[in-house]
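These notes concern the structure reproduced below.
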Number of protein chains: 2
Amino acid sequence: MTSQFTARCRQHSRSVEPLDCARCSVRDLAVCAALPPPAADALERHVTSLELQANAELARAGQPCRHAYSVTSGMLRLVRTLADARRQVVAFVLPGHFVGLSEHAVHRHGVEAVVPSRVCAFEIDGIRDLRERFPAFEHTLLDRACRELDDAHDAMLLLARLSPPERLASFLVRLRRQMSIPAHDPRMALPMGRGDIADHLGLTVETVSRSFTRLREQGVIALPDPHHVEILDPAALHELASALH
Amino acid sequence: MTSQFTARCRQHSRSVEPLDCARCSVRDLAVCAALPPPAADALERHVTSLELQANAELARAGQPCRHAYSVTSGMLRLVRTLADARRQVVAFVLPGHFVGLSEHAVHRHGVEAVVPSRVCAFEIDGIRDLRERFPAFEHTLLDRACRELDDAHDAMLLLARLSPPERLASFLVRLRRQMSIPAHDPRMALPMGRGDIADHLGLTVETVSRSFTRLREQGVIALPDPHHVEILDPAALHELASALH
DNA sequence: CGAAGTCTTGAAAAATTTCAATTCCGGTGG
DNA sequence: CCACCGGAATTGAAATTTTTCAAGACTTCG
């Protein structure tokens, strides 16, 4: 099953063998944890590990869905693009999370690496099979789908009704939580560029930049460089983001 | 189990007995269809039919989730409201659709009737029990959750990147599909008011109204009255809505 | 038939985007 | 090791869009 990856992403990804799920860094987080040992073995037979360069395309909107992916390191983005290049980053996907549980025949969004990343690719047929044989697996998937649905509803409220600084504050708070950054650590990395943030928050890069600047001027955050934020006033940040948390 | 409804919504809803699921008008659409006969019987024992007045509150954000609902007639809205009254209608729920599959302990949004409606209320515990006993049921729920997730992603793109007339056109196209209006029938009813549309599309009522007027002036639609639209130029409407369809 | 609420329309105000220019940063090669 | 190049980020000013504020028309329903 490796060949079609190397064919599609020849310059961007390579498959990495052998695979040792028992040592997987995200095993407890990932869907794999929901499976009893025999099922996990079955799963392993259907999995390929992939290494992705920054901006590598794992899938393109419109393509048939052949695999589901579990991220083990780095960060992915799910992207929808209109004919006139308007773009929306539907979600950023962090290690331990899963892409492609939908039963759609074709991808509804592109899947791209934000930074160099590693993912486990599962054959859809294998997943379907496991779903039928192990109710606990399906249960876990439903649970995750509901969580994602809640996230999407949060995102809708953010896009529909929050001001740019509120959107940015909410985004930072959510990202910190997704990355499991402890509250006492003020530092955080922003792996994605301003363009991705803008397309995630429904703004322009300029407005995102100005919102960063505003938060900095108000003493809420510091920006050592464009890819690092320091939370100086957590209370103020949460106040701004309060709508969604 | 009827008492807590009549207690909560005394002036707004009343429970209607007896219940005859075999004659349910949305049986084929509803989740109930996913259950084998013995399970359907089990389900019936946990269900109450409710009649709701327009604007009746079926659930309020923050309340514990005790029931899931299947709409049999009318229309519901899922609403999130911020402390300062900013509001977002996350979704309109039509007959055959299901509310409350999430396993959250508390409601994340209010559930309200847009127009006089009828719903079947299921006890959460009963649902959980059926999920465990009938994998097909869980499978159906997951399927629906994925569909809703796709819808939510569509909504995110709409809110993030479409112009007001594009949002309105997309909304009309989607609503026609949800209501199963055949393509050759130009007429459609808009049960909800402008405020609900505005809060669904992330706009103000004024902007919604101006967008309707714009579509009318361009000959795309006619507006016999505020609650009825006639599609005069389907091609133009779909062109505007093309981003999402 | 009348009152209340809803919808539409207009004009002013505010916010965001667009366009343009400058600065900054990381990577590359001398 | 440092200077330079190119993409990314920031900043400013003008233009556009949407909201806000205000008033009037229209339904809808009692």
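This one's a predicted model, so the numbers in the text were calculated from it and none came from an experiment. Note on naming: letters A, B, ... go to the chains in the order of the sequence lines (proteins, then strands), and numbering restarts at 1 for each one.
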Along DNA chain D (nearest heavy atom to each residue), the more 5'-positioned of B:P164 and A:G193: A:G193

Side-chain donor/acceptor contact of B:R214 with base of C:dT8 under 3.5 Å: no

Under-3.5 Å donor-acceptor pair between A:R210 side chain and C:dT18 base: yes

Any B:T204 side-chain nitrogen or oxygen under 4.0 Å from OP1 or OP2 of D:dT19: yes

Under-4.0 Å side-chain N/O to phosphate OP1/OP2 contact, A:T207 with C:dT17: yes

Under-4.0 Å side-chain N/O to phosphate OP1/OP2 contact, B:T213 with C:dT9: yes

Length of the line joining A:R194:CZ and D:dG7:P, which is rounded to integer Å: 19 Å

Minimum-distance nucleotide to A:E206 side chain [options: D:dT28, C:dA20, D:dA22]: C:dA20

Side chain proximity check, A:R77 to A:V90, heavy atoms < 4.5 angstrom: no

Between C:dT8 (P) and B:L203 (CG): distance, integer Å: 14 Å

Interatomic distance where NE2 belongs to A:H228 and P belongs to D:dA9 [whole Å]: 13 Å

Distance, rounded to the nearest Å, where B:I197 contributes CD1 and C:dT6 contributes P: 14 Å

Side-chain heavy atoms of B:D150 within contact of A:S102, under 4.5 Å: yes

Under-4.0 Å side-chain N/O to phosphate OP1/OP2 contact, A:S209 with D:dA9: no

For atom CG of B:D199 and atom P of D:dT19, their distance in whole Å: 11 Å

Check: A:H245 ring centre within less than 6.0 Å of A:H238 ring centre: no

A:V119 and A:E51, any side-chain heavy atoms less than 4.5 Å apart: no

Spacing of B:L223 atom CG relative to C:dT6 atom P, expressed in whole Å: 18 Å

Over 12 non-hydrogen atoms of neighbours within 6.0 angstrom of CD in A:Q218: yes

Euclidean distance, atom CG of residue A:L168 to atom P of C:dT16 [Å, nearest integer]: 13 Å

Between C:dT8 (C1') and B:D225 (CG): distance, integer Å: 14 Å

5' priority, DNA chain C, between A:V208 and A:P224 [closest heavy atom]: A:V208

